[in-house]
Amino acid sequence: MKKKLHYIIEGAVKQFGIPIPEIVIELPKEDSFGDLATPAAMSLARILKKPPRKIAEDIVRAIAEKDVFEKIEIAGPGFINFTFSKLYIYSELRVLIKDRSEFLRADIGKGKRIQIEFVSANPTGPLHLGHGRGAAVGAALSNLLSAAGYKVEKEFYVNDAGRQVKLLGLSVFARYNQLLGIDYPSPDDGYKGFYIEDIANRVIRDYGNKYAEASIKEAGEFFTDFSYRLMLKGIKQDLKEFGITFDTWQSERELYERGEVEHSINDLKERDYIYEEDGAVWFRSTAFGDDKDRVVIKKDGEYTYFAPDIAYHRNKAEKEFDELIDIWGADHHGYIPRIQAVIQALGYPKESLRILLVQMVSLLRGGRPVQMSKRAGEFVTLKEVIDEVGADTTRFIFLTRRPDSHLEFDLEVAKAQSAENPVFYVQYANARINSIFSHAKEQGINIEKSEDADFGLLSLPEETRIIKKLLAYQMAFEGAVIAHEPHRITFYLQELAGMFHPYYHRHKVVTDDANLTKSRLALCEAVRIVLKDGFEILGLNAPERM
RNA sequence: GCGCCUGUAGCUCAGUCGGAUAGAGCAACUGCCUUCUAAGCAGUGGGUCAGGGGUUCGAAUCCCUUCAGGCGCGCCA
C-alpha cells in the first residue's frame, strides 16, 4: 500500500523538473486524515519557493491513478491525505488472507546471508537476566530478519579457553576437596556461587574421590573441562526453556587449536597493524579511530582476551555472510572501536559488522535493588525468573522496550503483573478467535475459503479500522526490519488486539445472517494470521484457549 | 576528566526520517457476566516531554549547554 503510494507520488512530483527528494509517507494520527499522508509538499516548498498548498494542488492534479483512491485531500499547512478506495483495500485484504507470505514478507533481505551472534555468555555460571534480554532481542531480531527474506544464522560464541574457565575449574576443584573433608583453600578471586558446589558434587557422584590426592596441575584440566561443559549444558537448557535455539556454537578453544589466533595476528602484521613495544605486541587500532592501541600479546608471552576476539571476528568475516551482527551488553560498549578496527584492518568495510547494544538490566525486588555479582554468586538466574513469572511474560517485558533503554526488572512487579501483563491481552485475542471459529463450526458454518467472503459487508467503523490496521502491518513490519527493532512488532500487536477486543465484544461474529457471518469470520481469520505472524517473530506462544 | 546510553502521566514504557490536538499499559475511581471465554468491555481523572538557549513554516524528535541516573575507560577477563 505504502509502496504503491510512494510510486504514485514520485510520478506526480516529476513535473517540477527537480531531482526527486525522499518522499515521506506516514500514518496519520487521526482517521479523519485518511489512510496515508505525505508532507512532501511542505518539504518541496523550500526548494521550489512556492506556497506548500499550491504545490500540493499541483501534485494532486498530476496523480494519474485516481481510481485507487476514494478521496485525496489537502489539509493543514500542506499535508496531502489519501484515502484508498474500498475496492483497493479489499483486494489487499484478500491477498493477506490468501497468501500471507506475499502480503507480509516484504522481501527486503532478498536472500542475503546474515549472521547474528548473541548471548555468548561465559560458561562459568548460569545465565542471568541480562543474558535473557540479549537472548530475547537476538532471537526476535533473527526471526524478524528471516521473515523479511534474509538467510539468518544464529551463533553463540563460547569462551571455553582462557583464564575464566580455568578459574572456574580451580574453584570447583577447591570445593571438591573441601567436600571430601580436605583442607584446600578456595581461590581468592574464584567463583563462589551455589552452582560451584553442585558441580563438585557431580564430580563426587561420577568419580568419587579419584582426584582427592591430585594436585591442581594433574587435575586442573579435568576440572576445567568437566565444569565448563556442565555449565554450557545448563546454558543450553535454560535457553531451550526460554524458547531459544542457536545454529552454531563457535568455540574459542577451537580457534586456538586451529592456530587461528596466531594466524590472525600474523595477518594483521602483514598489513602493518601489529608492532612491538615495551616487550609487548600491539594492535594499531588508533589507525581506525580507537583511543589507544591495544595489546594482543602481553610481556609474559600470554595472549590478552582481545587476541582470540580478533581471530573470532576474522573467522566470521571470512565466512560468506553479507552482514554480521553482534549483540552485546552495553557494558562492553568500550570494546566497539577496537573490534571495528579489526574488521577494517583486515580489509572489510566497517559496515559489514553491525554491533547492537542491549542496555543493562537491573534487578529489583519490591523496589529494592538485588545485588548481582557473578563471582560472589549473588545473583538471580534467568531460570529462576522464568520459573517465577513465566517465559512469555519475561520475553514480553524485554520486547516492549527499545534495546537502548535501561531496564528495571522488578520481580515483585513482574510477578504481580504477570496476570495483568499485556502479553496475555494479545494472546487472549488469538484465543478468542479460535473460540469463535470453533463456535462457528458447531453451528455448521463452513469456515473454509475466507478469501471468497464479501468484504463489502464489513461496513462498521470498527471493521474498517481493523482492516486498515491489518494492512498497516506491512509498514510496521518493514520499519522493524529496517531499523532492526523487533519491539515495534510488540507494540503493533498490542494496538491490533486493542481494536479487536472491543469489536467482538460489541458485535457478534456468528449471526443468523450467513453472508455477514462469513465476512466477519474472514476478518477474524485475517487478524489471526497477523497475530500469529507477530507471535512467531517475538517467540511467544499462541495458546488456543486461555 | 573523557566516551556511550538514558531522562515523556503516580509507576513501567511507546512515540517512525522533524509534521497535524503528545499515546498505551499498570495503579486509582464508576459501571457491565442469561450472550462466540470478564486474562474482556464502556467511562473518568492524570503532562513545564529534566532545565535553558538555538536551527525553521513546524521540535519530545536536530544542534549547543546545564543538571540527574546508568555503564565504560587495564599488558583483567
Side-chain angles (χ1 to χ4, degrees), chain A residues 22 24-30 32-33 37-39 42-43 45-46 51-52 75-79 81 122 124 159 162-165 167 189 277-282 291-292 294-300 302-306 329-337 357 359-360 362 367 397 400-410 413-414 416-429 431-440 442-443 475-476 478-480 482-483 485 487-488 490-491 494-495 498 501-511 520-521 524 543 545-546:
Chain A
E22 180 112 1
V24 175
I25 293 171
E26 56 200 17
L27 286 171
K29 285 187 176 176
E30 278 191 42
S32 63
F33 294 154
T38 179
M42 274 129 52
S43 339
R46 203 169 310 166
F79 289 98
N81 297 333
N122 278 347
T124 54
N159 291 104
R163 216 178 89 82
Q164 290 309 312
V165 282
L167 189 59
D189 51 354
E277 199 174 288
D278 300 334
V281 177
W282 299 72
D291 296 338
K292 46 186 132 180
R294 306 292 171 175
V295 173
V296 290
I297 303 175
K298 295 185 271 182
K299 211 183 266 177
D300 64 8
E302 295 274 313
Y303 287 113
T304 60
Y305 176 82
F306 179 44
D331 50 344
H332 290 89
H333 75 264
Y335 221 70
I336 294 174
L357 294 179
Q359 272 297 340
M360 304 282 89
S362 46
I397 290 172
T400 40
R401 284 155 171 83
R402 288 187 347 265
D404 52 6
S405 70
H406 300 256
L407 168 55
E408 290 196 341
F409 197 110
D410 193 315
V413 175
Q417 282 190 359
S418 63
E420 307 292 329
N421 194 282
V423 71
F424 298 112
Y425 184 78
V426 182
Q427 288 176 327
Y428 189 52
R432 288 302 296 260
I433 294 172
N434 282 315
S435 158
I436 289 168
F437 269 94
S438 40
H439 176 73
E442 278 167 25
Q443 303 293 309
M475 285 176 76
E478 195 183 309
I482 289 167
E485 289 180 349
H487 77 272
R488 296 191 193 196
T490 321
F491 282 93
Q494 290 189 69
E495 286 162 16
H501 281 300
Y503 171 63
Y504 71 69
H505 191 267
R506 188 175 289 179
H507 307 286
K508 297 280 280 186
V509 172
V510 180
T511 63
R520 289 188 172 170
L521 282 172
C524 289
R545 55 184 59 247
M546 292 173 72

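Letters go in sequence order (proteins before strands), and every chain restarts at 1. In this text the structure is predicted, and so the values were computed from the model without any measurement.
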### Query
Given the rule in the side-chain contact (heavy atoms from CB on, under 4.5 Å) test, do A:His487 and A:Arg401 qualify, once you have shown the distances and angles that lead to the verdict?
CA-CA 6 Å; A:His487 77 272; A:Arg401 284 155 171 83; over 6 Å; no

Partner nucleotide of [N] by Watson-Crick or wobble geometry (both distances under 3.5 Å):
{"N": "B:A28", "answer": "B:U44"}
{"N": "B:C71", "answer": "B:G3"}
{"N": "B:C49", "answer": "none"}
{"N": "B:A60", "answer": "none"}
{"N": "B:A22", "answer": "none"}

### Whichever of A:Glu26 and A:Pro403 has its nearest RNA chain B nucleotide further upstream toward 5'
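Comparing both residues, the 5'-ward one is A:Pro403.
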
### Query
Relative to the 5' end of RNA chain B, which residue comes earlier, A:Lys299 or A:Pro502, by the nucleotide with the nearest heavy atom?
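Looking at RNA chain B, the more 5' nearest nucleotide goes with A:Pro502.
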
### Message
For a quick check, tell me whether the side chain of A:Asp189 and the base of B:A77 share a donor-acceptor pair closer than 3.5 Å.
### Response
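No.
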
### Query
Side-chain donor or acceptor of A:His501 under 3.5 Å from a matching atom on the base of B:G40?
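Flag unset: no donor-acceptor pair detected.
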
For nucleotides 68-71 of chain B, list the nitrogen or oxygen atoms of the protein found under 3.5 Å from its nitrogen or oxygen atoms, one pair per line.
residue, atom, partner, partner atom, Å
B:G69, N2, A:His406, NE2, 3.2

Look at the side chain of [X] and decide which nucleotide, out of [options], has an atom nearest to it.
{"X": "A:Trp282", "options": "B:U35, B:G7, B:C75", "value": "B:C75"}
{"X": "A:Asn81", "options": "B:A77, B:C4, B:A20", "value": "B:A20"}
{"X": "A:Leu357", "options": "B:A39, B:C4, B:G58", "value": "B:C4"}
{"X": "A:Lys292", "options": "B:C73, B:G58, B:A77", "value": "B:C73"}
{"X": "A:Ala37", "options": "B:U12, B:A20, B:U35", "value": "B:A20"}

### Task
Run the numbers on A:Thr124 and A:Leu167 for side-chain contact (heavy atoms from CB on, under 4.5 Å), then give the verdict.
CA-CA 9 Å; A:Thr124 54; A:Leu167 189 59; over 6 Å; no

Quickly work out the [X] [atom1] to [N] [atom2] distance and round it to whole Å.
{"X": "A:Asp410", "N": "B:U12", "atom1": "CG", "atom2": "C1'", "value": "10 Å"}
{"X": "A:His505", "N": "B:C41", "atom1": "NE2", "atom2": "C1'", "value": "4 Å"}
{"X": "A:Arg401", "N": "B:U6", "atom1": "CZ", "atom2": "P", "value": "15 Å"}
{"X": "A:Phe306", "N": "B:C73", "atom1": "CZ", "atom2": "C1'", "value": "15 Å"}
{"X": "A:Tyr305", "N": "B:G72", "atom1": "OH", "atom2": "P", "value": "14 Å"}
{"X": "A:Glu30", "N": "B:A20", "atom1": "CD", "atom2": "P", "value": "10 Å"}
{"X": "A:Ile436", "N": "B:G40", "atom1": "CD1", "atom2": "P", "value": "15 Å"}
{"X": "A:Arg506", "N": "B:C32", "atom1": "CZ", "atom2": "C1'", "value": "13 Å"}

Any side-chain N or O of [X] below 4.0 angstrom from OP1/OP2 of [N]?
{"X": "A:Lys298", "N": "B:G74", "answer": "no"}
{"X": "A:Arg432", "N": "B:A38", "answer": "yes"}
{"X": "A:Arg402", "N": "B:A14", "answer": "yes"}

### Task
Would you check if the side chain of A:Thr38 reaches a backbone N or O of A:Val24 as a donor-acceptor pair within less than 3.5 Å?
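Flag set: sc A:Thr38 to bb A:Val24 pair under 3.5 Å.
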
### Message
Donor-acceptor check, side chain of A:His406 to backbone of A:Ser362, threshold 3.5 angstrom: yes or no?
### Response
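No; judged by distance alone, with no hydrogens or angles, the pair does not exist.
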
Spacing of the [atom1] atoms in [M] and [N] (rounded, Å):
{"N": "B:U66", "M": "B:G25", "atom1": "P", "result": "39 Å"}
{"N": "B:A59", "M": "B:G45", "atom1": "C1'", "result": "29 Å"}
{"N": "B:A24", "M": "B:G47", "atom1": "C1'", "result": "15 Å"}
{"N": "B:C67", "M": "B:C29", "atom1": "C1'", "result": "37 Å"}

### Task
Decide whether A:Tyr504 and A:His507 meet the rule of one side-chain donor and one side-chain acceptor closer than 3.5 Å.
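No, no side-chain donor-acceptor pair sits under 3.5 Å.
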
## Note on the structure
With B for base contact, S for sugar-phosphate-only contact and - for none (protein heavy atoms under 4.0 Å), nucleotides 22-27 of chain B reads ---SS-

### Syn/anti label of B:C33 as read from its glycosidic torsion, with the cut at 90° from 0
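With its glycosidic angle within 90° of zero, B:C33 counts as syn.
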
### Task
Go through A:Leu521 and A:Val509 one step at a time and tell me if the side-chain contact (heavy atoms from CB on, under 4.5 Å) criterion holds.
CA-CA 7 Å; A:Leu521 282 172; A:Val509 172; 3.8 Å; yes

### Message
Which label fits A:Tyr305 and A:Tyr335: parallel for a plane angle under 30°, tilted from 30 to 60°, or perpendicular past 60°?
### Response
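Ring orientation, 0 to 90° scale: perpendicular.
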
### Query
Just how far is it from atom OH of A:Tyr503 to atom CZ of A:Arg520, taken to the nearest 0.5 Å?
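The CZ atom of A:Arg520 is 4.5 Å from OH of A:Tyr503, to the nearest 0.5 Å.
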
### Task
Please step through side-chain contact (heavy atoms from CB on, under 4.5 Å) for the pair A:Val510 and A:Glu442, ending with a clear verdict.
CA-CA 11 Å; A:Val510 180; A:Glu442 278 167 25; over 6 Å; no

### Query
Would the number of heavy atoms belonging to other residues, nucleotides or ligands and lying under 6.0 Å from CD of A:Glu277 be above 12?
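Atom CD in A:Glu277 is crowded, with more than 12 foreign heavy atoms closer than 6.0 Å.
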
